[in-house]
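Below, all heavy atoms of this structure are taken into account, side chains as well, without hydrogens, waters or symmetry copies. Please read all numbers here as calculations on a predicted model, not as lab measurements. In this chain, residues are counted from 1 in sequence order.
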Amino acid sequence: MKQLWWLMALLVVQAGAYTIPPVRFEYLTPRGFRASIPDAPGLQMFAFHARINKPFERFEEGDYAEDIMGPSMEQPDQWVFDTTKALLTPGSIIYYWVYVQYDNAGYWLSGQKHTVNKPKATVRSTSTTTTSTTTSTTTTTTTTTPKPTTTTPAAPPCGQTATTVNGGQPSCAGALIFEDTFDQNSLGTKWRHEIRIPLDTESAEFLSYQDHPENSYIAGGRLFIVPTLVTMSPDYTDERIRTGELSLQGCTSPTNNPYECQRKAERATILPPVMSAKLSTKNYFRFRYGRVEIRAKLPKGDWIFPQLLLQPFENYYGYADMASGQMRIAHILANRILERVTDGKQIDGHRLRGGVLITNQATLRGELLRSNSADEHFGDAFHVYGLIWTPDQIAVTVDGFQYGTIKTNLRQFAHQRNLTQANLWNVERPMAPFDREFYLSLGVGVGGVKDFPDESVTGPSRVAKPWRNTSPKAEYLFYQNRNTWYRTWTEPELTVDYVRVYAL
């Protein structure tokens with residue numbers, strides 16, 4: 001599926017047989033609104049996205065949004081979106097955009113807004129007396145002058161939400177609960193660096209995560225995370241990589257595993273040939289249920305992948321085999337051209353994936369990831385990557401377009417695949433293990449033994465992947481091929497413009 005913002009524009013040019021009618025708004029009592037368009041032969045979908053007093057920048061996910069697939073049962077001549085969550089006051093502005101599929105063509109309306117003209121509720125004063133008779137249709141009202149009173153402005157209403165923050169603290173519906181626009185140096189406050197050598201608990205990336213200014217920095221209001229070859233440092237030589245030792249000061253191994261903190265090179269084991277950075281909000285911000293938006297430009301280059309993640313704060317259900325889960329907001333294999341030989345499928349940076357992981361087993365690892373393909377590499381431009389996490393489902397978006405949803409009883413799903421960690425999950429919550437608080441994580445990984453499939457070729461010359469995931473020499477073989485893959489690292493950085501998290 002192509003990117004929504006330009007696919008729509010193309011379809012509008014191609015088809016001119018349908019014009020989206022004006023959206024009709026009605027106000028519900030005591031709160032909420034209804035938006036509708038009339039039915040028409042050939043109408044296939046009515047997608048409505050709205051925010052209250054908050055304009056859209058592009059086709060971002062609305063705070064109030066749904067894909068309507070048919071006419072209303074109560075109003076069969078109308079396609080209807082309604083919500084009882086929105087609190088409207090006179091003068092509020094409903095900003096919205098609409099996408100309609102009609103006769104297999106797409107049409108859109110962007111940059112729309114509706115000003116609420118809902119009348120104020122009539123409040124009867126206790127100092128007002130009213131007299132009337134049954135023979136008259138008029139009412140005579142006598143009002144006494146009320147005594148002066150002193151009032152204080154009312155606090156803004158706080159709608160109920162399932163979202164919790166930082167250890168179970170409540171939030172307000174639709175509230176912005178975390179934001180970083182990287183206008184100042186927040187790396188020492190909101191974000192903490194991981195310092196470790198990753199093992200096979202996730203992907204066993206061929207690198208070390210460290211806190212070096214060349215690997216992570218803020219410039220021009222943006223965060224940059226850049227992988228680099230260790231041989232660029234005068235402290236590293238080819239001989240040291242093959243025979244030396246590495247000990248990471250301030251190591252942040254989540255399980256205090258010494259193998260994540262130090263390594264001695266010998267035989268097929270080498271020191272990590274790449275340095276990169278991975279940052280998290282673990283010590284500053286965590287939450288359960290909400291909507292995440294990250295505007296970012298993803299990296300490009302062979303055997304690189306971005307990490308835009310939600311990670312479990314306490315590993316409540318265990319650490320082994322990803323028993324406590326991981327949510328991927330956006331993930332690509334950043335090669336410009338990468339093809340799986342077994343079926344000829346393109347799996348490079350033109351394919352975006354998002355969703356959840358509940359196991360590290362190779363054959364099952366990607367079963368709950370959803371994908372969206374585009375003609376352009378996702379590292380060519382900035383996009384807004386989103387994840388919507390509710391007690392009942394997890395959805396992933398790009399530029400406001402929802403391209404995938406995970407809505408299943410994960411415990412049953414895992415039991416069907418003989419994943420023993422499911423025995424620990426909360427039986428009353430269908431999305432467990434995604435029922436605890438998670439934190440944000442941003443980084444760039446390289447290589448590893450999980451994400452890049454064997455029997456794949458890269459580049460116009462169809463160069464074979466230089467290692468096998470089951471080989472004990474995988475990292476060494478990757479390093480041996482550096483003169484080939486490093487030439488493709490012309491834009492290896494992950495660039496993040498902003499990160500925002502909203503309560504449901």
Side-chain angles (χ1 to χ4, degrees), residues 160-173 175-178 190-192 194 201-202 252-257 278-294 307-331 354-361 364-365 367-370 386-396 405-415 417 419-443 499-504:
Q160 292 185 347
T161 176
T163 301
T164 63
V165 179
N166 289 349
Q169 298 177 32
S171 185
C172 296
L176 179 64
I177 55 178
F178 177 86
K190 296 180 180 180
W191 303 89
R192 182 187 75 161
E194 289 191 16
T201 50
E202 291 182 21
T252 60
S253 168
T255 59
N256 296 316
N257 189 327
K278 191 175 183 182
L279 295 80
S280 83
T281 63
K282 185 175 183 178
N283 289 354
Y284 181 84
F285 169 76
R286 60 189 191 271
F287 72 107
R288 181 178 69 169
Y289 308 134
R291 177 169 58 86
V292 182
E293 288 182 357
I294 301 178
Q307 297 166 311
L308 285 71
L309 308 173
L310 291 178
Q311 307 243 96
F313 172 71
E314 53 191 341
N315 286 300
Y316 181 81
Y317 296 113
Y319 187 74
D321 197 23
M322 306 191 80
S324 295
Q326 180 192 92
M327 287 179 264
R328 289 190 168 183
I329 303 165
H331 184 270
V356 304
L357 275 65
I358 58 172
T359 179
N360 216 19
Q361 295 183 26
L364 303 175
R365 199 167 183 263
E367 274 202 79
L368 294 171
L369 295 178
R370 304 295 183 252
L387 183 141
I388 307 161
W389 174 25
T390 78
D392 302 312
Q393 68 178 34
I394 294 170
V396 282
T405 305
I406 296 93
K407 188 175 184 180
T408 185
N409 187 308
L410 294 180
R411 198 167 188 270
Q412 293 178 5
F413 179 91
H415 274 309
R417 288 150 180 82
L419 298 177
T420 57
Q421 58 259 51
N423 296 326
L424 304 173
W425 298 346
N426 191 326
V427 297
E428 297 179 357
R429 292 175 177 168
M431 295 306 292
F434 304 102
D435 63 336
R436 311 291 299 182
E437 288 190 343
F438 280 60
Y439 60 88
L440 292 155
S441 183
L442 301 174
V499 179
R500 292 172 183 148
V501 184
Y502 298 88
L504 295 177

(Q) Looking at Leu440, is its backbone amide N or carbonyl O close enough to the side chain of Trp191 to form a donor-acceptor pair, meaning the two atoms are under 3.5 Å apart? (A) no
Q) Do Arg500 side-chain atoms and Glu293 backbone N/O form a donor-acceptor pair below 3.5 Å? A) no
**Q.** Flag side-chain contact, heavy atom, 4.5 Å: Thr405 against Arg370
**A.** no
**Q.** side chain to side chain contact (heavy atoms under 4.5 Å, CB included) between His331 and Leu308, intermediate numbers included
**A.** CA-CA 7 Å; His331 184 270; Leu308 285 71; over 6 Å; no
Q: Going by the side chain to side chain donor-acceptor pair (under 3.5 Å) test, name the single residue among Gln326, Arg286, Lys282 that passes it with Gln311.
A: Gln326
Q | Passing candidate, side chain to side chain contact (heavy atoms under 4.5 Å, CB included) with Val501, options Thr281, Thr163, Val165, Val292 | A | Val292
Q. Counting only heavy atoms not in Glu428, do more than 12 fall under 6.0 Å of its CD?
A. no
Q | Closest heavy-atom pair and its distance - Thr161, Cys172 | A | CG2-C, 3.7 Å
Q) Within 45° of the ring axis of Tyr502 and under 6.0 Å from its six-membered ring centre, is that where the NZ or CZ of Arg291 lies? A) yes
Q.
Applying the ring pair (Phe, Tyr, Trp, His ring centres under 6.0 Å) criterion to Phe287, which one of Trp389, Phe434, Tyr439 satisfies it?
A. Trp389
Q | Under 3.5 Å side-chain donor-acceptor pair for Asp435 and Tyr317 | A | yes
Q: Please state whether the rings of Phe285 and Phe178 are parallel, tilted or perpendicular, taking 30° and 60° as the class boundaries.
A: parallel
**Q.** Among Ile294, Val396, Val499, side chain to side chain contact (heavy atoms under 4.5 Å, CB included) partner for Ile329
**A.** Ile294
Q: Could you point out which residue of Asp321, Leu364, Leu419 forms a side chain to side chain contact (heavy atoms under 4.5 Å, CB included) with Ile358?
A: Leu419
Q. Is a side-chain donor-acceptor pair under 3.5 Å present for Glu437 with Thr164?
A. yes
